[in-house]
Amino acid sequence: MVRVGRILIVGAGIGGLGAGTVLARLGIEVDLVEVRPDGAVLGIGINQPANSLRALRSIGVLEECLAVGYQFRHTRFHTWRGELIVDIESRLGGDGVPANNALPRPQLHRILTAAAEDAGAKIQYGTTVTHLATRPGRVEAGLSNGATETYDLVLGFDGIGSVTRRAVFGDRFEPVYSGCGAWRVPCPRPSEVTCTQVFQGIASKAGLLPLSREAMYLFAISKEPGNPHHDPGRLHELLRERLAGYTGLVGEICAGLTEHSGVVYSPMSEVMLPPPWYAGRVLILGDAAHAAMPHLTQGAAMALEDAVVLGAMLGEDRPVPETLAAFVQRRYPRVKLVQDVSHGILVAEVSTTAQTMPDFQRRLATELPSRMAVVEGILNQPA
Ligand SMILES: Cc1cc2nc3c(=O)[nH]c(=O)nc-3n(C[C@H](O)[C@H](O)[C@H](O)COP(=O)(O)OP(=O)(O)OC[C@H]3O[C@@H](n4cnc5c(N)ncnc54)[C@H](O)[C@@H]3O)c2cc1C
């Protein structure tokens with residue numbers, strides 16, 4: 001017996017839409033509020049590793065995601081001059097899912113939005129929560145459309161800058177800036193780019209990720225001290241400066257960049273909400289609870305796993321407070337592993353100098369394959 005009748009989800013992003021689908025299918029009345037004015041999302045591409053694909057299968061959209069995406073198993077690490085350092089075969093996958101499926105981010109949102117609506121979740125765009133008041137066994141939520149509603153449970157799936165987290169925990173767990181930023185630019189996929197290719201430079205890195213038969217994106221990570229605001233009209237020049245000296249395909253793409261290339265820049269921050277992630281009947285999930293560096297491409301996976309695991313646990317017949325406690329206990333070690341490993345990779349790659357580069361390359365070749373095998377072995381286990 002499901003013991004919640006009505007749930008509010010704040011944020012119709014990847015996790016919120018996944019949760020909306022799973023919970024509405026349990027027969028729960030689901031309201032989703034999304035601050036954006038419509039369902040359109042910005043963003044270029046997103047990789048979904050096998051554990052995310054298993055969550056997407058539970059949500060019922062795996063086949064659609066595979067149909068529009070690009071599947072691959074390997075990650076090839078090179079020097080910034082294009083010499084191969086190591087080619088790592090992923091341990092993820094099996095059980096009917098490939099190791100990785102990358103796809104255009106707007107497609108993932110379109111697929112998840114349709115699934116949530118089909119399941120019966122009601123999405124209100126241009127709407128947010130204005131206040132949350134905890135009452136015994138329920139929450140009173142004020143919405144920006146003027147309504148005040150009562151819910152059995154409120155889920156804060158509103159991303160790294162979560163207002164729900166702030167409403168519950170104050171400003172104690174704000175995002176921490178990493179000192180680095182991520183750059184992305186969409187490009188046509190040449191036939192030789194058939195898996196993730198990484199190019200390690202001194203204190204920076206670039207990479208190529210195939211997104212479909214036709215498309216890929218170039219990404220880069222650079223040190224950005226002081227969290228600067230970059231002029232959107234100059235992003236193409238700034239990315240070219242960051243990747244000066246990179247040769248091969250990365251160098252060619254950089255040489256052709258213009259202000260119309262669609263370069264996107266994101267400062268990178270982390271959040272780790274210590275357990276418990278809830279107070280009363282308000283639970284914080286996804287990036288709002290555990291935003292990590294993007295290095296393992298596990299952020300959406302962790303949000304989708306949160307959604308699927310919570311749905312399964314709410315479907316069990318036990319008191320809601322017990323379910324919330326058990327949920328956080330089950331999820332925390334896994335998201336902490338992803339955050340710690342991702343953070344460690346970032347620190348290592350942006351700390352490289354001309355002096356340490358030979359040793360860094362040697363360790364990539366000799367140590368990274370076994371370390372990745374351990375992490376992927378854990379992530380390939382059920383969430
Ligand atoms: C550069 C970069 C690259 C990445 N690449 C990958 C990748 O390849 N693979 C991967 O799995 N992950 C990747 N990630 C991480 C991934 O994008 C996130 O982990 C994932 O989107 C988290 O899902 P979420 O639902 O928790 O939050 P989000 O997807 O951020 O959704 C939050 C939603 O809440 C809405 N919202 C915000 N505030 C409010 C409010 N006050 N009221 C109502 N709604 C609100 C937002 O508009 C948004 O729709 C990357 C991240 C970065 C920065």
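Ligands are counted one by one from 1 in listed order, and the atoms in each one are counted from 1 as well.
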Self-check item: Distance (rounded to the nearest 0.5 Å) between Trp277 CH2 and Phe169 CZ
Solution: 10.5 Å
Self-check item: Point-to-point distance, once rounded to the nearest 0.5 Å, from CG of Leu296 to CE of Met302
Solution: 9.0 Å
Quiz item: Below 4.5 Å, heavy atoms only, C-beta onward: do Arg242 and Glu224 meet side chain to side chain?
Solution: yes
Self-check item: Residue portion contacting ligand 1 (non-hydrogen atoms closer than 4.0 Å) for Val33
Solution: backbone
Exercise. Return the minimal non-hydrogen interatomic distance between Tyr217 and Ile46, and the atom names on each side.
Key: CE2-N, 4.4 Å
Quiz prompt | Residue Arg184 vicinity, atoms of ligand 1 by number, heavy atom under 4.0 Å | solution = 1 (C)
Practice problem: Please could you name the atoms of ligand 1 that Thr297 approaches to less than 4.0 Å, counting only its heavy atoms? | Solution: 7 (C), 8 (O), 9 (N), 10 (C), 11 (O)
Self-check item: Min heavy-atom dist Ile160 to ligand 1 below 4.0 Å
Solution: no
Quiz item: Judged by non-hydrogen atoms, does Ser52 sit under 4.0 Å from ligand 1?
Solution: no
Exercise. Distance to 0.1 Å, residue and atom name: give those for the protein heavy atom nearest to atom 29 (O) of ligand 1.
Key: Ile14 N, 3.6 Å
Self-check item: Within-shell test, Met302 vs ligand 1, heavy atom, strictly < 4.0 Å
Solution: no
Quiz item: Is the closest side-chain donor-acceptor distance between Ser222 and Trp183 under 3.5 Å?
Solution: yes
Quiz prompt | Ring geometry between Tyr265 and His230 (parallel below 30°, tilted from 30 to 60°, perpendicular above 60°) | solution = perpendicular
Quiz item: Does Met268 have a non-hydrogen atom less than 4.0 Å from ligand 1?
Solution: no
Practice problem: For Val10, counting its heavy atoms only, list the atoms of ligand 1 lying under 4.0 Å from any of them. | Solution: 42 (N), 43 (C)
Practice problem: Looking only at protein heavy atoms, identify the closest one to atom 42 (N) of ligand 1 and say how far it is in Å. | Solution: Thr128 OG1, 2.8 Å
Exercise. Examine the proximity of ligand 1 to Val163 and report which part, side chain or backbone, both or neither, has a heavy atom under 4.0 Å away.
Key: side chain
Quiz item: Do Arg234 side-chain atoms and Leu238 backbone N/O form a donor-acceptor pair below 3.5 Å?
Solution: no
Practice problem: Could you pull out the closest heavy-atom pair between His343 and Met293, with the gap in Å? | Solution: CA-CG, 4.3 Å
Quiz prompt | Under-4.0 Å heavy-atom contact between protein and atom 53 (C) of ligand 1 | solution = no
Self-check item: Location of contacts on Ala291 toward ligand 1, heavy atoms closer than 4.0 Å
Solution: neither
Practice problem: With heavy atoms of Gln48 as the reference, note each atom of ligand 1 found under 4.0 Å away. | Solution: 9 (N), 10 (C), 11 (O)
Quiz item: Using a heavy-atom cut-off of under 4.0 Å, does the side chain or the backbone of Pro294 touch ligand 1, or both, or neither?
Solution: side chain
Exercise. Look only at interatomic distance and state if Ser266 has a nitrogen or oxygen under 3.5 Å from any nitrogen or oxygen of ligand 1.
Key: no
Exercise. For residues Val68 and Ile111, determine if any side-chain heavy atom of one lies less than 4.5 Å from a side-chain heavy atom of the other.
Key: yes
Quiz item: What is the closest protein heavy atom to atom 25 (O) of ligand 1, and at what distance does it sit?
Solution: Gly15 N, 2.8 Å
Quiz item: Does ligand 1 have a heavy atom under 4.0 Å from the side chain of His295, from its backbone, from both, or from neither?
Solution: neither
Quiz item: Has the side chain of Glu349 got a donor or acceptor atom that lies under 3.5 Å from a matching backbone atom of Gln200?
Solution: no
Quiz item: Is it true that a side-chain atom of Arg240 and a backbone atom of Leu257 form a donor plus acceptor pair closer than 3.5 Å?
Solution: yes
Exercise. For the pair Asp152 (side chain) and Ile7 (backbone), establish whether a donor and an acceptor sit closer than 3.5 Å, ignoring hydrogens and angles.
Key: no
Quiz item: Quick one: which ligand 1 atoms are inside 4.0 Å of a heavy atom on Ala301?
Solution: 11 (O)
Quiz item: Which of the atoms in ligand 1, numbered in the order shown and given with their element, are less than 4.0 Å from a heavy-atom of Phe157?
Solution: 32 (C), 33 (C), 34 (O)
Exercise. Could you tell me whether Leu209 approaches ligand 1 through its side chain, its backbone, both or neither, with non-hydrogen atoms closer than 4.0 Å?
Key: neither
Quiz item: Closest approach of Ala141 and Leu8, non-hydrogen atoms and distance?
Solution: CB-CD2, 3.8 Å
Quiz item: What protein heavy atom sits nearest atom 45 (C) of ligand 1, and how far off is it?
Solution: Val35 CG1, 3.6 Å
Exercise. Indicate whether any N or O donor in one side chain lies under 3.5 Å from an N or O acceptor in the other, for Gln298 and Asn51.
Key: yes
Quiz item: Which residue supplies the protein heavy atom nearest to atom 11 (O) of ligand 1, what is that atom called, and how far is it?
Solution: Ala300 N, 2.9 Å
Practice problem: Measure from NZ or CZ of Arg6 to the centre of the six-membered ring of Tyr151, then state whether that distance is under 6.0 Å and the direction lies within 45° of the axis. | Solution: yes
Self-check item: Carboxylate-amine/guanidinium contact Glu305 Arg334, below 4.0 Å
Solution: yes
Practice problem: Salt-bridge test for Asp171 and Arg166: reply yes if a basic N is under 4.0 Å from a carboxylate O, no otherwise. | Solution: no
Quiz item: Nearest protein heavy-atom contact for atom 6 (C) of ligand 1: which residue, which atom, what distance?
Solution: Ile46 CG1, 4.0 Å
Quiz item: What residue and heavy atom of the protein are closest to atom 31 (O) of ligand 1, and at what distance?
Solution: Gly13 CA, 3.3 Å
Quiz item: Which part of Glu34 is near ligand 1, with near meaning a heavy atom under 4.0 Å away: side chain, backbone, both or neither?
Solution: both
Exercise. Compare every heavy atom of Ile378 with every heavy atom of Leu337, then report the nearest pair and how far apart it is.
Key: CD2-CG2, 3.9 Å
Quiz item: For atom 37 (C) of ligand 1, what's the nearest protein heavy atom and its distance?
Solution: Asp158 O, 3.3 Å
Quiz prompt | Enumerated ligand 1 atoms positioned under 4.0 Å from heavy atoms of Ala182 | solution = 1 (C)
Practice problem: Give the numbers and elements of all ligand 1 atoms closer than 4.0 Å to a heavy atom of Ala303. | Solution: 23 (O), 26 (O)
Quiz item: Looking only at N/O atoms, are Arg105 and ligand 1 under 3.5 Å apart anywhere?
Solution: yes
Quiz item: Under 3.5 Å, N or O to N or O, is Asn47 touching ligand 1 that way?
Solution: yes
